[in-house]
Every structure is written in C-alpha cells, then in structure tokens.
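Scope of the values below: all heavy atoms of this structure, side chains included, with no hydrogens, waters or symmetry mates. Per chain, numbering begins at 1; letters A, B, ... match sequence-line order.
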Amino acid sequence: MWHNIFKIASKPDNIPIVGMLLLVFFFWFLSFWAAFKNDRIRRAAAGRPRPEGGKSKGDVVDVIDFMYPEEEQGLPKKVSCWPHLVKLEFVCAIAVMALLMFWSIPIDAPLEEPSDSTLTPNPSKAPWYFLGLQDMLVYFDPWIAGVLLPTFIIVGLMVIPYVDVNPKGNGYYTFAERPFAILVYWFGFFVLWVLEIVIGTFCRGPGWMFFWPGQEWDPHRVVAEVNINWNEFLANISGITALKTETAGLLLGIVTILAYFGLGTALPYLWLKRQEAPIIHRLGLIRYGVVGFFFWTMMALPIKIVLRLMFSIKYILVTPWFNI
Amino acid sequence: MLTEQREKIKEIITESQVYKSIFRRGFEDTTKNRVLAIFGNVFLHLHPPYVKRHALKFTHSWCMGGITFLLFLVLCFTGVFLCFYYHPDKINAYRDMKYFEYDVPFGVVLRNMHRWAAHLMVITVWLHMTRVFMTGSYKPPREFNWVVGVLLLVLTLLLSFTGYLLTDDQLGFWAVTVGTNMARATPLLGHEGPFGEQLGVTAYNDIRFALLGGSVVGGNALLRAYVWHCVAMPVTAILFLAVHFWRTRKDGGTAGPL
Ligand code: HEM
C-alpha cells in the first residue's frame, strides 16, 4: 500500500505537492497561532487604560495599542530600511538559493518519452497545480469546470477587498474580529483547492476513476455507475413518474437553481435584518448580492460532490444546449 | 602607519570621480546616508526609506512576497541561459532537452533549477496571498494592490503552464492537451461549448485554435507557447510587478495596525 503512495509522491513533478502540503500546514498553524495570540492580547487589554501616545480610536482601541509590545516600551515604531530590511532580504535570499541548489542537484526535472499524439497516457493529467480544476470535471461539464468556475475564482478573488467592509483586522492577524472571512478563505483555499489537488494527484487513476491512496491502479477495473439527473431522482423518491419527462426536467432544474441562489441569499439577509445586524447596512444590497453569488457558487462544488457520491445525481438542469 | 595608508586609499577611492558618479554618498553611518542608500538606488528605491518595526518579523510577512520575487528573478536568469540552447520546433525541442542532459555544461542543473523554481514560485504565490489575506492587508487603501496581485497569480500559473509544453515530451504534451481541451468548451467561443455550434464555431476557428495556432497541439502550438512563455508573459509580469511594488510602498509599506 505504501508502495503505491510512494511511487506517486516520488515522481519528480509531484514532490512539490508534498512540499506544498507541509508548507500549507506550517503557515496555517503559524497564522492561526498569531491570530489567537493577538485575540488573547486584545481580550486581556479590554479594561486597561489606553497607553500614552496610543493611536486607537473608538472600538478598535485594544489591539492596536497592545499588540506590539515594543510600541508600549517606547521604541521607535519605524526603523530605517537600510540596513534593517535589506539585510533580512539578503539572508532570506541566500537561504532560498541554498534550498533551490540542494533540490536541483540530486533531483532531476522529469523528461519522458518524446511527445506522441497517438499514445495517450491513461490517466492524462494536467500540471499538478491545475488538478483541482481537472477534478471538477467529474462534477461539472467542461464549460463550467474549465472555463466558468476558473473565471469566477479569479473575479471572486478580485472582489474580496471591495465586498469585505469589516474595518477591523487591517494589517494584523486576528480570528475573532473576522471569523467569517477567514473561514471562507480557508475552506476555499484548503478544502476545495489544495485537497482537490491531492485527490487529483493521488486518488485519480486510469479512466479518472477514484482509487484510495495505496490501492493498486487497475486499468481494467469496472465500476457500474448509473448516474441519474435531478428530476429522475425526484421522480424516483416521490413516485411521480410525470417528473421524468424532459420538460419537467427543464422546469425543475430552473426552479431548483433559482431557489438555490435566491433562497441562499434571501434567507440569511432576512435573518440578519431581523437581528438588526449592522453588517447589513454597511454592506448594502449590491455588495451583499455579490457576496451571496460567489459564496453559493463556491459551495455548489462541495454540494455537487455530495449529491454525486451519495445519490449518483449527475445534472441538476438539463437543456438541449447545456447541462448544469 | 597602516591605518593611515588605509584611510588614504579609502579617501582616494571614495573621493574619485568614478566612485562619486556611481554612489553619490559617503560611507558614514548617518541617517542621511541610510535614506540615500535606498533613494539613490534604482533597485532599492522601491522600498520606503523606513519600515514599520513589526513588518520586519518573519512571523508577520513570512518574507513570502520577497521570496516569490526572488524566484521570479532566478527564473529569468536561468531562463535566458536555457534560451541560448533551445529551439522551439518539433524537430529540435526534445533533442535540446537531451543536449541539456548530456552536452551542455551544467545543463542538467540549469534545467532543474528552472523547473523547481517554477514549481516553488506557484506555491509561494499562494502562500503570499494567504498571508496577505490573514493579515487583512487587502483592506483600504490596499484594495487595488490585491487586484494587481491576483493578476500576478494568474500570470504565474500561465507562465508555468506554457513552460510545461516546451520540453515536448509526453508529460508536457498531454498536460497541455488536457488543459487546452477545456478551451473547446468555452461558451460561445468554443466549438463544443454552449451555443458555440449555433454561432458557427468549429474546431478550426474557435478559441482553442487561436491558442494553439492549429487544431492540434503541434509545431505552431510549441512556437506560440514559446513566445508567450519567454517574451509576452514575462514582460507583462514585470510591468505588473513594478506596479505591485510601487503600490505597496505608496500605500504606506507593508500594512500594520493602522
Ligand atoms: C508574482 C507574484 C507576486 C510577487 C512577486 C509579490 C511580491 C510582493 C512583495 C515583495 C510584497 C511586499 C510585502 C511582502 O513581502 O509580503 C507584496 C505585498 C503585497 N502583495 Fe504581493 N506579490 C505577488 C503576488 C500577489 C498576490 C497573488 C496577491 C493577492 C492576491 C498579492 C497581494 C499583495 C498585497 C495586498 C500586498 C501589500 C501587503 C501589505 O501591505 O502588507 N501579491 N507583494
């Protein structure tokens, strides 16, 4: 079992993935450690008087004035860039160069047979950093997995600064002041992006079939997959055979998708409104809508994974031109 | 006696026209000279003259942006040497890889460094983005720099992807085939995408054709990948990097608590 895992992991082009996992875990730990530390400092500082020369105003008092002790001790807040920063950059550069040299001498970049368009490897895989996208092909048609969702990822990342109206946590680690933002980021980055890469690399074998890590990749394995569409699924559980027709499928699909985005954004909105949460006013309707759209688009991936794995559901909406 | 001579030599050097024309500042460790060291140097002046103390800590910035940039420089440097030997055509490309392995002095290490630095850069860009997110450094006034950063992220991935094809081996060929096959499915612009067929899009005029310079991953695709990889995208990346660094500085340096 370890043999197969090792065989995949030690392919030269997959070594970066192993490194990436270690680095992601390390920095995940580091950033949360720093965030919780700051949150603790802030809580402890809550009742204390503002230190002399403290800069904070209003409700952001505590963190700013207590987080960096040197500022409390009266050391200057700023230091000259030369030599303090340039020196560090230099040391850091040497360390990275050393690492790169040590990596480059013993481990050779892969070079396989000359390219041959008649010899298709099975499985054929995209470069490892795109395997998340390739794995989405299992759950979405290529125009969604390969074109639409990547575009949404890029645009979604770009709108973050414009829809995150929380003024706190600007320039320091904190969790308590922005839990929603941080949880969404880590869900997207770690669960969806990084884990999908790991699955794409280690668990997808011939025919892009799923193999548990360590399971031998048997190209002749046959999996009887009977996928059904959303309307067929509903027809089966409700016993109403009329739902199986094409028109019913079309209508049901449209209704489901509209309800998914509509209710998904409207219900939290109404709930927040009832709570009189100030965030609603700060966000405004447009920003709220953008957040809702991207959030539920992102969540569509795990939801479709669950629907597929548990109920073998393939498409929610089937039209003559495209399927979702 | 010796110190006297040394002082004298130092004076001759630092007072010479040549030295002054290059460095324009003295040796003494004064505040003024420290500032001049940054301002008077085209490479260093992207830094601010002063930085916030906490920004120096490894636990704050992880040095990730800087490491990413260093890797970019390594890639430019090794890339130039690779270009000296590489021919982007179907006959020579794979053969040149073999030359790197057996003939070119230090060819193996050169190629290895280029490849591993590229993979590493993809990882460090993600980590840099993560640290910027975790410190909330994209919040006002740095919104736009985050957007520039996202463009750099896309460029980094595309640079890596176009480079993958250049070895012209099975690995690169099929990875790029799989990748560009997705372009077939582009709505409206791809021949297998929604409404593509209705608009008269075929395999010979769709967006994939434009990317590959043909309907298959062949010699034209190799040439296009080469030009994107070695000219167009690095130049674009350098432009955005300049904006990125300039903005970091103009927005008050690495973000701190207000
Ligand atoms: C080629 C890729 C990139 C390079 C070479 C690069 C380089 C840098 C450097 C050297 C800094 C200075 C502070 C630091 O080291 O953390 C910086 C800051 C910053 N970067 Fe990047 N970056 C890249 C990509 C990105 C990406 C993908 C994002 C986000 C999506 C981003 C967003 C930012 C922001 C908002 C700042 C300001 C941070 C602050 O003020 O604390 N950058 N970048």
**Item:** Under 3.5 Å: donor-acceptor pair, side chain of B/Trp174, backbone of A/Asn122
**Value:** no

**Request:** Would you mind checking which part of A/Val86 comes under 4.5 Å of any heavy atom in chain B, side chain (CB onward), backbone (N, CA, C, O), both or neither?
**Result:** side chain

**Asked** Which bit of A/Leu30 comes within less than 4.5 Å of chain B, counting heavy atoms only: side chain, backbone, both or neither?
**Response** side chain

**Request:** Let me know if B/Thr124 has heavy atoms under 4.5 Å from chain A in its side chain, its backbone, both or neither.
**Result:** neither

**Request:** Identify which part of A/Asp164 has an atom lying under 4.5 Å from any heavy atom of chain B, answering side chain, backbone, both or neither.
**Result:** side chain

**Prompt:** Using non-hydrogen atoms only, which part of A/Ile107 is less than 4.5 Å away from chain B: side chain, backbone, both, or neither?
**Reply:** both

**Item:** Which portion of A/Ile15 sits near chain B, non-hydrogen atoms under 4.5 angstrom
**Value:** neither

**Message:** Is B/Leu171 in contact with chain A via its backbone, its side chain, both, or neither, using a 4.5 Å heavy-atom distance?
**Reply:** both

**Message:** I need the residue from A/Trp33, A/Phe32, A/Tyr162 with the largest number of non-hydrogen atom pairs under 4.5 Å to chain B.
**Reply:** A/Tyr162

**Complete:** In terms of heavy-atom pairs under 4.5 Å with chain B, the winner among A/Pro150, A/Ala93, A/Ala34, A/Pro127 is A/Pro127

**Prompt:** Where on A/Glu89 is there a heavy atom nearer than 4.5 Å to chain B: the side chain, the backbone, both, or neither?
**Reply:** side chain

**Message:** Under 4.5 Å from any heavy atom of chain B, what part of A/Trp28 do you find: side chain, backbone, both or neither?
**Reply:** neither

**Prompt:** Can you tell if the side chain of B/Phe100 reaches within under 4.5 Å of the side chain of A/Leu111, non-hydrogen atoms only?
**Reply:** no

**Complete:** Whatever's closer than 4.5 Å to a heavy atom in chain A on B/Leu153 counts as side chain

**Fill in**
Okay, A/Ala95 and chain B: the region with an atom under 4.5 Å from a heavy atom over there is neither

**B/Trp116 vs A/Pro12 side-chain heavy atoms within contact, under 4.5 Å** = yes

**Request:** Go through the atoms of A/Leu21 and report whether side chain, backbone, both or neither lie under 4.5 Å from a heavy atom of chain B.
**Result:** neither

**Complete:** When the 4.5 angstrom heavy-atom criterion is applied to A/Tyr129 and chain B, the contacting part is both

**Partner chain A: residue of B/Thr177, B/Leu157, B/Val108, B/Val74 with the largest heavy-atom pair count (under 4.5 Å)** = B/Leu157

**Prompt:** Can you say whether A/Leu88 sits under 4.5 Å from chain B via the side chain, the backbone, both, or neither, judging by heavy atoms?
**Reply:** side chain

**Message:** Under a 3.5 Å distance rule, please check whether A/Trp143 uses its side chain to pair with a backbone N or O of B/Leu188 as donor and acceptor.
**Reply:** no

**Asked** Any idea which of B/Ala93, B/Gly179, B/Ala183, B/Ser160 has the most non-hydrogen atom pairs under 4.5 angstrom with chain A?
**Response** B/Ser160

**Message:** Counting only non-hydrogen atoms closer than 4.5 Å, does B/Phe133 touch chain A with its backbone (N, CA, C, O), its side chain (CB onward), both, or neither?
**Reply:** both

**Asked** Checking heavy atoms, do the side chain of A/Phe189, its backbone, both or neither come under 4.5 Å from chain B?
**Response** side chain

**Asked** Ignoring hydrogens and geometry, is there a side-chain-to-backbone donor-acceptor pair from A/Lys125 to B/Val178 under 3.5 Å?
**Response** no

**Prompt:** B/His119 versus A/Trp128: any side-chain heavy-atom pair under 4.5 Å?
**Reply:** yes

**Prompt:** For A/Asn323, is it the side chain, the backbone, both or neither that has a heavy atom under 4.5 Å from a heavy atom of chain B?
**Reply:** neither

**Prompt:** Under a 4.5 Å cut-off applied to non-hydrogen side-chain atoms, are B/Phe173 and A/Asp116 in contact?
**Reply:** no

**Asked** Where on B/Leu71 is there a heavy atom nearer than 4.5 Å to chain A: the side chain, the backbone, both, or neither?
**Response** side chain

**Message:** Is B/Met64 in contact with chain A via its backbone, its side chain, both, or neither, using a 4.5 Å heavy-atom distance?
**Reply:** side chain

**Asked** Quick one: are B/Leu151 and A/Met158 in side-chain contact, heavy atoms under 4.5 Å?
**Response** yes

